[in-house]
Each structure stands twice: as structure tokens, then as C-alpha cells.
Amino acid sequence: MDIVKILQQEFNLKPFQVENTLALIDEGKTIPFIARYRKEQTGEMTDTVLRQFDERLKYLKNLMERKEQVERLIEEQGKLTEELQKSLELATTLQEVEDIYTPFKQKKRTRATVAREKGLEPLSEILILGQKDVYKEAENFLDEEKGVASIEDAIAGAMDIVAETIADDFELKKKLRAIVFREAVLETSAKKGSEEKEDFLVYKMYHEYSELCSKMPAHRVLAVNRGEKEDILKVKLNYPLEKITEVSERAYVKSDIHKAVMADTIKDSLNRLMLPSLERELRTSITEMAEERAIAVFGENLRNLLMQSPLYGKTVLGWDPAYRTGCKIAVVDETGKVLDTTTVYPTVPQNKVAETKKEILKLIDKHNIDIIAIGNGTASRESEAIVADIVKESSRKVSFIIVSEAGASVYSASALGEEELPELNVSIRGAVSIARRLQDPLSELVKIDPEHIGVGQYQHDVNQKRLSEVLTGIVEDSVNRVGVDLNTASYAILSYVAGINKTIAKNIIKYRDENGKFSTRKQLLKVARLGPAAYEQCAGFLRVKESGEVLDRTGVHPESYKAAYTLLEKMNISKEDAQYPEKTEFTSKVEELSLRDIAQELEIGLPTLRDIVKELSKPGRDIRDEGAMAPILRSDILKLEDLEIGMILQGTVRNVVDFGAFVDIGIKNDGLVHISQLSDKYVKNPMEVVSVGDVVEVRVIDIDRQRGKVSLSMKKLNKIKFD
């Protein structure tokens, strides 16, 4: 099994890319580091491709190990043949390997094992070969002591052994699997007696529904699974049984001597053993594919959420809405430092609206608040109405915005929340989180386990371990792509930096607390347990804005400092002036150079040189600001009653799923832009058109006032880009 060749073909890579990437992974290099600082070796593979490559590599290694294990286990039984060896060698999936091994596994007591104990295996072989009259031969196997009292008993036992043999035939199973997986239709119906269940109408479209399994989109597979689990839907699979039977009979009916007996045996094998197994496989397969798709959707939404532009230089009031327990308020300055906290009771049952307005207006004047960030949970819209009145009455210009509060309560009660805000009670910490996530989504959201940030579909129905692995990788890639300020970073965000584990992250914070701010990247080597290997991985992703070394403020890796300064010398730019690219006319000077020639002269790769140039053109830049959309800051509210069909509104995309996008237009519930309404052109994947955080213009096309649902369209209306 040539893993290099397989990866080369599947990822359409050149041999050097595969070999170098394998070597880097084997050396323990992290995906972000390989993607950013080893572009020459990988042929500029992205972090996304590298993660897919790494996952496939792990699968192939597991496959190879399992093949070797199965071959050894069969050989120990003295049953390994050249044919079996060849089949194992050609197997491309773990399922195929398990199919090959099935006949040799230690089985539980079955009808076939009972028949074998009665000495009927030779009779089963006569039945399979079809060369002798099995009824005459059966007389030789009668034995009342073993429970074979009649010819019928002997034949029945032989049939059980043959049925199991057919079910264990991996070549036949492979053919039948292809038919079932390709042609099976999934049918659903409402389960008798489920009408009384609370969510009965949620699954209305599936009360009488059918679809080809191979064509079912992820969200429908997961919806059916959930409906079945909730005991509302009954699910069955239909497939071409005649074709399956015909294929099986061609393989096992060798003569007309006992065609009828073999036909019955095949029918029993298929119905009792083979097809139930294939049905489970198919359901598992489409579920796994649906889960992978759902996880991918969640991941892409999370990536876009994390990469939203920070809101610099604003003092924010975080408002965590509630009814009985009151709305929690926290004011944070432009650096996220908590300035003030309180609790107000404007909602039912207290209804202290006047007192709330007075207190919030006082806070606005006291702290020069710029924006009020309102969590989108319980009592959000009632709070919004009150805030809208407050900003109108304020002598200072204040805006407000609805912010997703997903995961804020998880952070509040976490050990990290306790560690960061020990002086605040759990409920107030949520308001702090809401305010900070508006200021810097990435820095705040990394404090929450990614799966608690609700930007996906059916996230609780998928494999949670797999979901966590994928989302953690996306957070890691996002953090390293942006870079981290070493002197302000929290323990949470540091632990996602390449080469830094949780222990080292805590040691960095401890060193900073004991010795003051870092003045250079090199100081990292003084941190406990952060040795040269970890330094190589993390240094380029950590920024030291206070450093006298200008390159410490950029994404240029220390290993490339010499090359970067040689480049600056060629352009007659001093180290001191390197931080002022506009003053030195850096961009225009670079355009006059041949980077390819300079890369050869400096003995570095062209991709690395291009990255150095990019960093020097904007030292300390934040890539999240590139092409960023301004969030919609509002000073008034919109109610469902205000909407009319045809009305054109601005909104923020809150979630993107396979069937469309949910857009916050300022009413209680987000409106849905169905996939068919995203564009005048055919849209296969909503993410081709919109992303979480996008500001879009939408047209109201339907209003269900009873259910509070609004349907929107983006046809002939384009996404708004802000400079």
C-alpha cells in the first residue's frame, strides 16, 4: 500500500509536496506553522487542505495497520491464501477489510454454529457445490443424539450454514452494497400515535415522504434521524430486491439439482443476515456524510464569525437580557477592561422602565459609552425597545446592536470566567462577554468551547467528538492567521497558538505577570517549558507591539529576519523607517524589483519573500480588516407589525445552512432567505453567496404573523460591501 501515491492522486499533488508534508507532520510541526512558514516545501498548500491531508493520512495509516493485523490473525488460523492476501492488498476502506475478516472472526452462537456442532458442515459444502443430490447425501448425517432426527433437520442445518457463508461472502457483499447504496429509497411516515407529541408538526413534510438515499441532502437526513429518534417518524428502505436476488443466485446456484433449496437459502440469507446489515451500513453511511456536511457548515460559519473585524476604540455597554432575574449590565472600555456593572429590571414582572432608563443614561454620561450590545436571548427584543428609547433620550450619540450571546453563559460559569473575572458573579460575566465579543469576536469567542457557539445546523445530532476536533482546528487556524498580541492575549487565545499547549500558555501569562510586558519575541525562550522547538512553531504568530525590533510586530518569522533586512537594505530603507511604509514609498519601490531574482539571491523561497513583502507593506496590520463589513449599528427598532411585503431592509447574516441563510432584520426572530431566493442565478451552496456576519439587503416576500416567521429574498439585491 503506497500511501504517498494514494495521497498524491487524491489531492492532485506532486510527489515532493506529499513527501515534504509527510516529513513535516512526522517531525511534529503544526498545521498552522506548515501552512504559513513552510510554503516552499508544501507547494503552498492551505491550512484547510493540510488538515484534510492530515485526516486522510491518519485514515490510511489506520487502514494499513488494520490490514496487517487482519492478515496476521487469519494466518494464525492457518487459513491465509494468496487470494485473501490479494483481496486485503486491494482493499481501499476499513469496511472492506472488516468484510474480508468477518468469516474468520470468533462468532457468537448462531444457527450456523449450532449446525456445525451437529457435524453438518460437509453437507453444506455439498449444497453449495450442487454436484450431488443433497437429499440422498443428507441420510449420511442423521444422528438423533446430535439432534439431526430427519433429512429435513439435516437440510435445514446445512441451509443455515450456507446462509451464513453467503452473508460472509465479501465479494458478493461488495456487489450488493453497490446496488443498495445506489438505488435504495428512504421512505418516512408518521408513526401511529405520534400525533399527540409536541413536535409532531415540526416533521410535517416527512409524514409521507420518500427520496433516493444517494441524493438526500444532509439537513434532510439529520431531520429524519431526529424525527425517528423522537418516535415521531417511521423509516424504511426500499431497494430492488429482485435484482439483488438475481445477483446472489448467479453467484451461488451452481446446478438445477437443488435450485429450489438454494433459492430458499439465499432468500433467508438476504432477509435475515445480509440486507439488515447493508441497511444499517447505508443508514450509518448517509448519516456520517450528513454529519460531515453539517460539521463543515458549522465550521465555515464559525470561521467567518471568528474572522469578523474588531470594533476598535469603542466603550461598550453589554446588556444581558432577562425577565425575573433582571438584565445584567457591564461597561467595558476600549481595551475590554470592566469599568462598571449593575442589574436593571425593566422587563416583566418588575417593569421598572423609568428607573432603568435613568440608570443607563447615567452610565452613558459617566463612561462616555459609544455602543450598547444587547444579547439575543430571552427578553432581547423587549430590552431592545427600551434601549431604543434610551438612545433617543441620551445627550450623547449612542448606537445599539444585537449580539449573539451563544456560549456566554457557558463562559460565565467556566473556570476561565472565574479566573478572569473573580470579583464578578456568574450572571454579570455574561454581560462582559457580550460587550467584549462585539469589540473583538476572536479574542472573546476562543474562551468558549466552539461547539457552544450556535452557528450551524443539527449540531447536537452529530458526532460530538468529531465536531469538537474540526471546530478546534478552525479556531486554531483562525487565531494563527490573525496573530496574537503577546502582551494582551488571554490564556485562552494563547493556548490555540501553534506550538503552545495549555501549560505553556499559563506559563506565558505567569512570566508576563511576574516580569512585566514582553519587549521582544526572544524573551519567550525564558518562559518555562517553552524551548527552541516550541519557539520555532509559535514565534511568528505572536506579535510584540512594544518591541524595538519592528519585525517583532509583524508576521515575519524570526528565521527570516536576516532576509527581510537584506531586502530593506536593497531598497535603502533603514530598520527605523521600516515601520513607516507610506513614508518610505515601500510599495512603489517593491514594484520595481524582481522578487524572483531577489529570492534566489537571498536563498529563500519566493512564497516566503512575498509574505515578507506583504508584512512590511503594512506592519502590524490586522487581516480581519481587509474587506470587512461594518456591523449594523442601530438607533431604532422594527416590529413584526411594521413589516410589509415588498419592503427592502438591511440585515446581518446570523447563520448559514444548506437550505439558506437566517438574517437578523431587527425583529424578534431572524428571517429566512431560502436557497432559492439567494440569487437570480442557481445556487448550489448558500456559502457561495453569503457568510456569517455579512451585511445584506433583503426584500420581504412573505409574513406569517401567527408564527412570527418572515421569508426574505436577495434576488436582484447585492451584498453590501463597506470600505
Side-chain angles (χ1 to χ4, degrees), residues 25 28-32 34-35 47-66 69 93-98 216-230 280-306 406-407 409-411 413-416 445-480 491-493 495-503 505 655-658 692:
I25 290 171
K29 301 293 191 284
T30 60
I31 297 300
I34 296 170
D47 48 16
T48 302
V49 173
L50 281 165
R51 287 200 182 277
Q52 293 168 352
F53 181 98
D54 189 39
E55 284 178 13
R56 184 60 175 153
L57 173 63
K58 287 172 184 171
Y59 182 90
L60 291 173
K61 283 183 175 179
N62 287 337
L63 177 62
M64 190 162 65
E65 287 174 12
R66 185 57 177 158
Q69 189 180 36
T93 66
L94 285 166
Q95 182 63 59
E96 284 182 72
V97 175
E98 295 309 317
M216 280 188 80
H219 62 277
R220 286 208 281 272
V221 171
L222 296 174
V224 166
N225 288 355
R226 185 187 285 180
E228 185 180 31
K229 188 177 179 181
E230 292 179 5
R280 287 191 297 272
E281 266 189 52
L282 176 57
R283 290 293 302 276
T284 299
S285 176
I286 62 173
T287 296
E288 285 176 352
M289 287 190 286
E291 288 185 354
E292 280 298 307
R293 175 60 193 158
I295 289 170
V297 167
F298 196 137
E300 191 57 32
N301 284 336
L302 176 63
R303 190 192 308 278
N304 291 324
L305 186 64
L306 293 173
S409 59
V410 175
Y411 164 74
S414 69
L416 180 61
L445 292 173
V446 294
K447 300 174 184 176
I448 302 160
D449 286 339
E451 53 267 35
H452 293 302
I453 303 170
V455 283
Q457 56 185 8
Y458 298 99
Q459 71 187 72
H460 300 297
D461 298 318
V462 304
N463 183 305
Q464 295 301 297
K465 182 174 181 290
R466 173 69 179 149
L467 176 67
S468 180
E469 286 173 358
V470 172
L471 298 187
T472 299
I474 284 167
V475 176
E476 187 179 305
D477 290 341
S478 300
V479 167
N480 288 286
Y491 148 74
I493 199 166
S495 64
Y496 282 106
V497 173
I500 295 179
N501 57 30
K502 292 182 178 180
T503 300
N655 199 5
V656 183
V657 292
D658 280 339
V692 168

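If you're wondering where the values come from, they're calculated on a predicted model, not measured in any experiment.
- Contact record, Pro32 with Ala498: CB-CB, 4.3 Å, taken as the closest heavy-atom pair.
- The OH atom of Tyr411 sits 13.5 Å away from the CG atom of Asp449 when rounded to the nearest 0.5 Å.
- In this structure, the separation between CD on Glu292 and CD on Glu288 is 8.0 Å, given to the nearest 0.5 Å.
- Put simply, the side chain of Pro450 reaches to within 4.5 Å of the side chain of Leu302, judged on heavy atoms.
- For Glu55 and Lys58, the salt-bridge test fails: no basic side-chain N is under 4.0 Å from an acidic carboxylate O.
- Smallest separation of non-hydrogen atoms from Ala492 and Val446: CB-O, 4.1 Å.
- In this structure a side-chain-to-backbone donor-acceptor pair under 3.5 Å is present from Asn480 to Glu476.
- The shortest distance between side-chain heavy atoms of Lys229 and Asp461 does not fall below 4.5 Å.
- Of the candidates Val297, Asn301, Asn304, Asn301 is the only one forming a side chain to side chain contact (heavy atoms under 4.5 Å, CB included) with Val656.
- Between Asn225 and Arg283 there is a side-chain heavy-atom pair separated by less than 4.5 Å.
- Atom CD1 of Ile34 is separated from atom CG of Asp54 by 8.0 Å, given to the nearest 0.5 angstrom.
- Considering every non-hydrogen atom in both Ile453 and Leu445, the closest pair reads CD1-O, 3.8 Å.
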**Report entry** From CA spacing to verdict: salt bridge (Lys or Arg N to Asp or Glu O under 4.0 Å), Glu469, Lys465
**Finding:** CA-CA 6 Å; Glu469 286 173 358; Lys465 182 174 181 290; 2.8 Å; yes
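- Salt-bridge annotation for Arg51 and Asp477: present, with a side-chain N of the basic residue lying under 4.0 Å from a carboxylate O of the acidic one.
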Query - Thr48 and Arg303: CA distance, side-chain angles, deciding distance, side-chain contact (heavy atoms from CB on, under 4.5 Å) verdict - result: CA-CA 11 Å; Thr48 302; Arg303 190 192 308 278; 3.9 Å; yes
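- Nearest heavy-atom pair, Ser478 versus Leu306, reported as atom, atom and distance to 0.1 Å: OG-CD1, 3.8 Å.
- Contact check for Thr93 versus Leu63: no side-chain heavy atoms found under the 4.5 Å cut-off.
- Distance alone, capped at 3.5 Å, places no donor-acceptor pair between the Ser285 side chain and the Glu281 backbone.
- For the pair Ile25 and Phe53, the minimum side-chain heavy-atom distance is below 4.5 Å.
- In this structure, the separation between CG on Leu471 and CD on Gln459 is 8.5 Å, given to the nearest 0.5 Å.
- Contact of the Glu291 side chain with the Tyr458 side chain is not registered, since no non-hydrogen atoms from C-beta on lie closer than 4.5 Å.
- Atom-to-atom distance recorded for Arg466:CZ and Ile295:CD1 is 6.0 Å, nearest 0.5 angstrom.
- For the pair Val692 and Asn655, the tightest heavy-atom approach, listed with the atom from each and the gap, is CG2-CA, 4.1 Å.
- Shown here for Glu451 and Phe298, the closest heavy-atom pair between the two residues is O-CZ, 4.0 Å.
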Report task. Quick one: do Arg293 and His219 satisfy side-chain contact (heavy atoms from CB on, under 4.5 Å)? Show the steps, please. Result -> CA-CA 9 Å; Arg293 175 60 193 158; His219 62 277; over 6 Å; no
